2 protein chains.
Amino acid sequence: MSQTVDRALSILPLLAQGPADLGQVAERLGVHKSTALRLLRTLHAHGLVHRQQDQRYRLGARLFALAQEAVESLDVREIAHPHLVRLGERTGHTVHLAVREEGEVLYIDKVESRYPVRMYSRIGKPVAITVAAVAKLLLADLPEPERRSFAERLDYPAYTPRSTPDAAAFLKELATVRAQGWATDLGGHEESINCVAAPIRGADGRVVAAMSVSAPNVVIGTEELLALLPLVRRTAEAVSREYSGAPPAA
Amino acid sequence: MSQTVDRALSILPLLAQGPADLGQVAERLGVHKSTALRLLRTLHAHGLVHRQQDQRYRLGARLFALAQEAVESLDVREIAHPHLVRLGERTGHTVHLAVREEGEVLYIDKVESRYPVRMYSRIGKPVAITVAAVAKLLLADLPEPERRSFAERLDYPAYTPRSTPDAAAFLKELATVRAQGWATDLGGHEESINCVAAPIRGADGRVVAAMSVSAPNVVIGTEELLALLPLVRRTAEAVSREYSGAPPAA
DNA sequence: AACGACTGTTGCACAGTACGCAACGCATAC
DNA sequence: GTATGCGTTGCGTACTGTGCAACAGTCGTT
């Protein structure tokens, strides 16, 4: 690994917490000011950091552009998108698409609910991995030993009383999800929000992504949301077929 | 500037165009494979690149997370957001918030239209700077010499017959926008899409951001959209006041 | 108004570190 | 079975990044 690059990249998460001046960056990196300056200048030249009027540095615009270009070149996303839109139109609720990467699960696409009461989420934001329906599907597909060791390394924040409490409960839930081929999150992340999700599989049967429909229970009851499950599953299967090479249905 | 970091960061835009294997990265960087490998490993350790099953590299998840954290810590965005949502609810159309940074204009927030026919845009995506209404506002605020030299460095792509054709026309338009305090884009980017925008100013009167309402003319005519201008301007002024330190209105 | 304290900036000598080379392991193709 | 292509490793060299010290600019203080 390259020391210089390592140091430079360590600046990014540091600035993600908020703007910082040269001295702060140097101190938190544990290097001389002149070194920090050179690194910041290089990052600046690439647009990854931006210097605001008060001379402090914060993350720059190119970072957004890069993230956008990256998300748009994901082929699952490209294939799934029209299906998500159609599902959004038919149900009126928020639709998400998520993938697993390096031990994180993150949303890569989203169609907003047409109801005024919306849930908060953002493309690119890591998902609450122990409770989200899409996360359960993506992790349930891991081979058993990996799944176990992963589950044991996680934290289990008690977002609500219905949140997954510990690794044992999580592994049990994953087994259920794996067997039934779909997942739910009933108030496990936010008290009033429910979620149903289905897996998208590649040609080899592995789960490559997961999609979900979410709605606050002030808008639609748990029963009614669960009634959407067949539709969600059919949509996910249509995406799976297309992703595996089948031509899109007319 | 640091050569090593410079090379490492050059990998990112390269991968943004699509996944690439080690040889391709090395070649396009003009370095030896072993050098490219070391750089990629460092980027990988920071989560900025991801290695997919076929061993090729693509941009990684942390990039999204960083971009998200960055955009969420912008205080203009935080203040403006509820106003955008309300404007979205009242008009039903797509609402954008944009800022200028390092010679680019980019969207930092968005409320989706509730109509099925939506315009395409994404948070983080650089704006078509020569035609977008928000871009005109942000650039019109630059001091005259800077504005001129900037306008002359731009390309003027002819997205439609109504696109700004050249620097002279653009500067004239900017003068108008500056004088009237609002801007439009009537089919300059996409034939059928119109836009009205108003500036958000800081305590010193400088334009710090701009917000717009956009709609395809199949949904709402030009006249009707222009009729929304007073509402957009009032909203922008409310955000300006709050951003300058005034308490939010009840 | 002069001072001090603070910040960001520059040039430089040193050595630490990133560089390219060459050889290796490992697949798939022929 | 051989051959070609890929990613990977270890290593000597010298390039390049490093910290130091001195400078410049800005703010707040006395």
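Quantities reported herein were computed from a predicted structural model and do not represent experimental measurements. Any value given below was found using the heavy atoms of this structure, including those in side chains, with hydrogens, waters and symmetry copies removed. Convention: sequence-line order gives letters A, B, ...; per-chain numbering from 1.
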Mind listing the side-chain donor-acceptor pairs of residues 198-209 of chain A below 3.5 Å, one per line with the distance, residues two or more places apart or on another chain?
from: A/R201; atom 1: NH1; to: A/G205; atom 2: O; distance (Å): 3.1
from: A/D204; atom 1: OD1; to: A/R206; atom 2: N; distance (Å): 3.2
from: A/R206; atom 1: NE; to: A/D141; atom 2: OD2; distance (Å): 2.9

Keeping to residues at least two apart or across chains, list the salt bridge (Lys or Arg N to Asp or Glu O under 4.0 Å) pairs with something in residues 41-51 of chain A.
-> none

Would you please name every residue forming a side-chain hydrogen bond (donor to acceptor under 3.5 Å, both in side chains) with A/R234, sequence neighbours left out?
-> none

Check whether any side-chain heavy atom of A/I129 lies under 4.5 Å from a side-chain heavy atom of A/F150, and answer yes or no.
-> yes

Hey, does B/P13 have a side-chain heavy atom less than 4.5 Å from the side chain of B/Q17?
-> no

Can you sort out which residues in residues 35-56 of chain B have a heavy atom within less than 4.0 Å of DNA chain D? Ascending by number, please.
-> B/L37, B/R41, B/R51, B/Q55

Please examine the side chains of B/L14 and B/Y57, heavy atoms only from C-beta on, and report whether any two atoms are closer than 4.5 Å.
-> no

B/Y156 vs B/F170 aromatic rings, parallel, tilted or perpendicular, using cut-offs 30° and 60°?
-> perpendicular

For A/P145, all residues meeting side chain to side chain contact (heavy atoms under 4.5 Å, CB included), sequence neighbours excluded | A/P143

What residues 12-23 of chain B contributes to the DNA chain C interface at heavy-atom separation below 4.0 Å is none

Contacts of A/A133 that satisfy side chain to side chain contact (heavy atoms under 4.5 Å, CB included) - sequence neighbours left out = A/A183, A/D185, A/C195, A/A197

With sequence neighbours left out, write down each residue that passes side chain to side chain contact (heavy atoms under 4.5 Å, CB included) with B/Q53, or none if nothing qualifies.
-> none

Answer yes or no: is there a donor N or O on one side and an acceptor on the other, between the side chain of B/Q52 and the main chain of B/D54, under 3.5 Å?
-> no

Taking everything shown except A/E27 itself, do over 12 heavy atoms lie less than 6.0 Å from its CD?
-> no

When rounded to whole Å, the CZ to P distance for the pair B/R7 and C/dT17 reads 18 Å

Filtered N/O pairs between nucleotides 21-24 of chain C and protein, under 3.5 Å:
from: C/dC21; atom 1: N4; to: B/S34; atom 2: OG; distance (Å): 3.2

So, B/E144 and B/R148, do they make that salt bridge, N to O below 4.0 Å?
-> yes

5' to 3' on DNA chain D, which nucleotides open and close the contacts with chain B (atom under 4.0 Å from a heavy atom)?
-> D/dG7 to D/dG17

Residues in side chain to side chain contact (heavy atoms under 4.5 Å, CB included) with B/Q24, at least two apart?
-> B/A20, B/D21

Could you check how far CE of B/M1 sits from C1' of C/dT10, rounded to whole Å?
-> 17 Å

Measure the angle between the two terminal helix axes of the helix from C/dA1-D/dT30 to C/dC30-D/dG1, five base pairs each, and quote it to 10°.
-> 30°

Carefully, step by step, assess A/V134 and A/M211 under the rule side-chain contact (heavy atoms from CB on, under 4.5 Å).
-> CA-CA 6 Å; A/V134 287; A/M211 57 190 292; 5.8 Å; no

A/Q24 CD to C/dT7 P: how many Å, rounded?
-> 9 Å

